[in-house]
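So the structure is just underneath, and the comments pick up after that.
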Amino acid sequence: AWTNNNSFIPQSGTVTFVGTSSASINRGSSAFNNLTFSGVGGSWAFTTATLALNGNLTVATGTVTLPTGTTTIAGSFLNTGGTFAHNNGEVRMTSTSAGKSILQNGTAFLNAFYDLVFSGSGSWSFADTSATTSHNFRIQSGTVTMPSGTLTIGADMNVSGSGAFAHNSGEVVLLLQNANEVRANSSSFNNLKVYGELSTSTRTLADTNMTVLGNLTLQGTGTTIFPS
């Protein structure tokens with residue numbers, strides 16, 4: 001376990017958890033630099049509602065339950081061989097540098113983000129062929145290179161401010177569940193699929209103009225409202 005009842009200065013190092021059983025992490029109000037989990041069979045949960053990293057978060061082995069609030073990462077998010085549970089929290093990428101990566105190693109039931117937000121002036125690329133955010137996906141600033149396969153989003157997709165994305169020849173799949181909204185902020189989709197799960201739900205394409213270079217597919221139930 002890690003318990004911080006005072007404060008610590010991370011400098012430029014890495015804290016690595018190697019335990020093989022369950023443990024809790026209380027960071028207090030201090031930020032880690034790089035944080036790595038590499039204990040075979042280990043599981044870790046945060047008792048603080050938020051987590052802040054000046055560098056990378058790496059899950060090599062074991063299971064990590066993220067905080068219920070916001071996990072702020074100034075480097076890359078790298079799940080290289082473990083499992084993470086989103087815990088209905090937000091992962092916020094804040095790098096001001098280019099070349100950061102996001103590796104989920106997701107499956108149909110594991111390793112999805114809940115809310116994923118980009119709010120730094122840097123750039124990020126998805127290293128997975130396909131990725132999933134089960135709730136909101138937001139780019140407030142910086143540039144995100146999408147997966148080359150499929151990015152699945154369960155709620156709103158909102159690109160705003162100086163934010164932009166590169167489609168990377170992939171497909172964005174929007175799961176229509178409630179009154180959801182999509183804003184691309186002048187970035188172009190390659191393929192866009194809107195899949196309605198409830199007949200009463202709506203998906204509003206809220207930009208004045210929106211560009212899909214490949215296929216636009218409306219599937220399932222619900223209503224899609226096109227730009228004005």
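Everything quoted here is computed from the prediction, not taken from an experiment.
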Partners of Arg27 by salt bridge (charged side-chain N to carboxylate O under 4.0 Å, His left out), sequence neighbours excluded?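 Checked Arg27 against salt bridge (charged side-chain N to carboxylate O under 4.0 Å, His left out); zero matches.
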
Rounded distance [0.5 Å steps], CG in Leu57 versus CZ in Phe77: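 CZ of Phe77 is found 5.5 Å from CG of Leu57.
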
d(Thr224 OG1, Gln219 CD) to nearest 0.5 Å is 11.5 Å

For [X] and [Y], indicate whether the former's side chain and the latter's backbone hold a donor-acceptor pair under 3.5 Å.
X      : Y      : result
Asn185 : Gly163 : yes
Asp115 : His135 : no
Asn33  : Pro10  : no
Thr61  : Ser38  : yes
Thr48  : Thr50  : yes
Asn190 : Gly170 : yes
Asp207 : Ala184 : yes
Ser141 : Gly120 : yes
Thr145 : Ser125 : no
Asn56  : Thr58  : no

Could you walk me through whether Asn79 and Gln104 pass the side chain to side chain contact (heavy atoms under 4.5 Å, CB included) test, one step at a time? CA-CA 5 Å; Asn79 178 32; Gln104 285 184 253; 5.7 Å; no

Of all residues at least two apart in sequence or in a different chain, which pass the side-chain hydrogen bond (donor to acceptor under 3.5 Å, both in side chains) check with [X]?
X      : value
Asn4   : Ser30
Asn34  : Thr14
Arg183 : Glu181
Thr129 : none

Would you mind telling me which of Leu116, Asn180, Asp156, Val117 makes a side-chain contact (heavy atoms from CB on, under 4.5 Å) with Asn136?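 One option only clears the test, and that one is Asp156.
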
Where do Asn191 and Val212 land on the side chain to side chain contact (heavy atoms under 4.5 Å, CB included) test, with the steps shown first? CA-CA 6 Å; Asn191 296 324; Val212 179; 5.6 Å; no

Please enumerate all residues that pass side chain to side chain contact (heavy atoms under 4.5 Å, CB included) together with Ser187, with sequence neighbours excluded. Ala164, Phe165

Let me see the working for Val64 and Phe46 under side chain to side chain contact (heavy atoms under 4.5 Å, CB included), right down to the final yes or no. CA-CA 9 Å; Val64 177; Phe46 292 89; 3.9 Å; yes

Indicate if Ile102 and Ile153 have the same hydrophobic cluster label, given that clusters are the connected sets of ILVMFWY residues with side-chain heavy-atom separations under 4.5 angstrom. yes

With heavy-atom distances below 4.5 Å as the criterion, would you say the side chains of Asn215 and Phe189 are in contact? no

So, do Thr83 and Asn111 sit near enough that their side-chain heavy atoms are less than 4.5 Å apart?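 A side-chain contact exists here, since the closest heavy-atom pair is under 4.5 Å.
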
Does a donor on one side chain and an acceptor on the other come within less than 3.5 Å for Arg92 and Ser119? yes

Ring pair (Phe, Tyr, Trp, His ring centres under 6.0 Å) between Phe84 and Phe113: does it pass, once the steps are laid out? CA-CA 9 Å; Phe84 69 91; Phe113 293 111; 5.5 Å; yes

For Asp128 and Leu103, run side chain to side chain contact (heavy atoms under 4.5 Å, CB included): C-alpha distance rounded to whole Å, both residues' side-chain angles, the deciding distance at 0.1 Å, then the answer. CA-CA 6 Å; Asp128 299 289; Leu103 177 63; 3.2 Å; yes

Before we go on, tell me: are the rings of Trp2 and Phe32 under 6.0 Å apart, centre to centre? yes

